[in-house]
Amino acid sequence: MPELPEVETIVRGLKKVLIYSKIIHIYKSKYNLRISYTKNFETELLDSKIINVYRLAKYIIIETDFGKSIIIHLGMSGRLLFQNSIYKKHQKHDHVVFHLSDNKSIIYNDPRRFGLVQFIKNSDIFQNKLFKDLGIEPFSKDLNYKYFASKIKNKNASIKQFLMNNQNIVGIGNIYANEILHLAKISPFKSVKYLNTHEIKILIESIKIILNNAIIAGGSSLKDYIAPNGMLGNFQSYFKVYNRENKDCFNCKKGRIIKTTLCQRSTYYCIYCQKIN
DNA sequence: ATGATGTCCTGGGCGC
DNA sequence: TGCGCCCAGGACATCA
């Protein structure tokens, strides 16, 4: 489900409303998520205060004054909702509810349960296996030609697969990989070993542009994603290739958008302006 | 080590 | 209306 722009939107929304709230009750459903809940999940952070909310890759990190953070990943279908009132009406697939002071609540809902909610000591976050192999943040200054070139060295993967691999660059999922490659006018099938200097530079720019524009639009709302306040993002109305099978290309006005499969994920590209050579 | 494939799950949409 | 099939914003494990 959510890629970096959606997670970033959620984090910005939560940051406005959660700081200094105290956790007074934690509910979890009987179903496990992708990773089992941390031990003492329902009691560990009781009475702690939320002191920060931030994003790492596609993870939402809610930091408490107990020196521990709540780590949330939304998987494909997860949602995080905020309510300015005590949450009583449980919906199907509500798996975790944090009841906070001032009658606020945060609700984690995830039909497919591919996500996770964990508590991790702040000092252990980067040693944790969820985080230790993550690549660079796309808005980092260090995402530059040198970094990119070093990462693609000796690799044979397609560029789309490379972009979606969190060990290279974090936060890019299937939608934005498609959009980034279209903006860069590079075929998703192109092997990273054939990318030239110019293409790499354009790609780096395209990553930043697409993700930034998506954040400005509040993310993309297809089926599952809505911001914690219930608002829908609208970047989907700016999609140039994703979900545009057989439509004309906005970019070159000559080609048509093709839908195909690459690495078992639906892949959209313009047959004219994203040629492999 | 790398890349391809399978797997965890539920629900929506489609064709019959 | 109902059934079976395929598809879905992710991330891993496993295998050659």
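In what follows, chains are A, B, ... by sequence order, proteins preceding strands, each numbered from 1.
Taking each heavy atom of Leu203(A) and Ala184(A) in turn, the nearest pair found is CD2-CB, 4.1 Å.
Within the nucleic acid shown, Tyr176(A) has no heavy atom closer than 4.0 Å to any nucleic acid atom. Within the 4.0 angstrom heavy-atom criterion, only backbone atoms of the sugar-phosphate kind lie near Asn156(A); the bases stay farther away.
Once the 5.5 Å centre distance and the 30° plane angle are applied, the aromatic ring of Phe114(A) is found stacked with the base of dG10(C).
Stem regions for DNA chain C, each three or more consecutive Watson-Crick or G-U pairs with both distances under 3.5 Å and listed by first number, read B:2-8 with C:10-16, B:10-16 with C:2-8.
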Discussion item. If you apply the rule side chain to side chain contact (heavy atoms under 4.5 Å, CB included), what do you find for Ile175(A) with Phe235(A), and how did you get there?
Written reply: CA-CA 11 Å; Ile175(A) 290 179; Phe235(A) 189 73; 5.7 Å; no

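With 3.5 Å as the limit, one finds a donor-acceptor pair spanning the side chains of Asp110(A) and Ser77(A).
Contact annotation: Lys92(A) side-chain N/O to dG11(B) OP1/OP2 distance is under 4.0 Å. Put simply, Gln161(A) has a side-chain N or O that comes within less than 4.0 Å of OP1 or OP2 on dA4(B). For dA11(C), the OP1/OP2 oxygens have a side-chain nitrogen or oxygen of Lys58(A) closer than 4.0 Å. Regarding contacts with the backbone of dA11(C), a side-chain N or O of Asn166(A) is found under 4.0 angstrom from either OP1 or OP2. Distances shorter than 4.0 Å separate none of the side-chain N or O atoms of Ser77(A) from OP1 or OP2 on dG11(B). Within the structure, every side-chain polar atom (N or O) of His93(A) is placed at least 4.0 Å from both OP1 and OP2 of dC9(B). Residue Arg265(A) places no side-chain N or O under 4.0 Å from the OP1 or OP2 atom of dC7(C).
Comparing dT5(B), dA11(C), dT10(B) by their nearest atom to the side chain of Gln264(A) picks out dT5(B). Closest to the side chain of Ser266(A), out of dA8(C), dG3(B), dA13(C), is dA8(C). Taking every side-chain heavy atom of His73(A) into account, dA11(C) is the closest of dA8(C), dT2(B), dA11(C). The side chain of Pro111(A) lies closest to dG11(B), out of dA13(C), dG3(B), dG11(B).
The gap from the P atom of dT14(C) to that of dC9(B) amounts to 15 Å, rounded to the nearest Å.
Residues Ser158(A) and Arg113(A) both approach DNA chain B. Their nearest nucleotides, taken by heavy-atom distance, put Ser158(A) toward the 5′ side. Along DNA chain C, the nucleotide nearest Leu130(A) and the nucleotide nearest Arg112(A) are compared for position; the residue whose nucleotide lies closer to the 5' end is Arg112(A).
For the pair Ile169(A) CD1 and dA11(C) C1', the computed distance is 17 Å after rounding to whole Å.
Cation-pi geometry between Arg244(A) and Phe250(A) is met: the NZ or CZ atom falls under 6.0 Å from the ring centre, inside 45° of the normal.
The aromatic rings of Phe41(A) and Tyr37(A) are tilted relative to each other, their planes meeting at an angle between 30° and 60°.
Residue Tyr27(A) qualifies as enclosed at atom OH: its count of foreign heavy atoms under 6.0 Å is above 12.
Each of Ile258(A), Asn243(A), Leu181(A) was compared with Tyr268(A) under the side-chain contact (heavy atoms from CB on, under 4.5 Å) criterion, and only Asn243(A) meets it.
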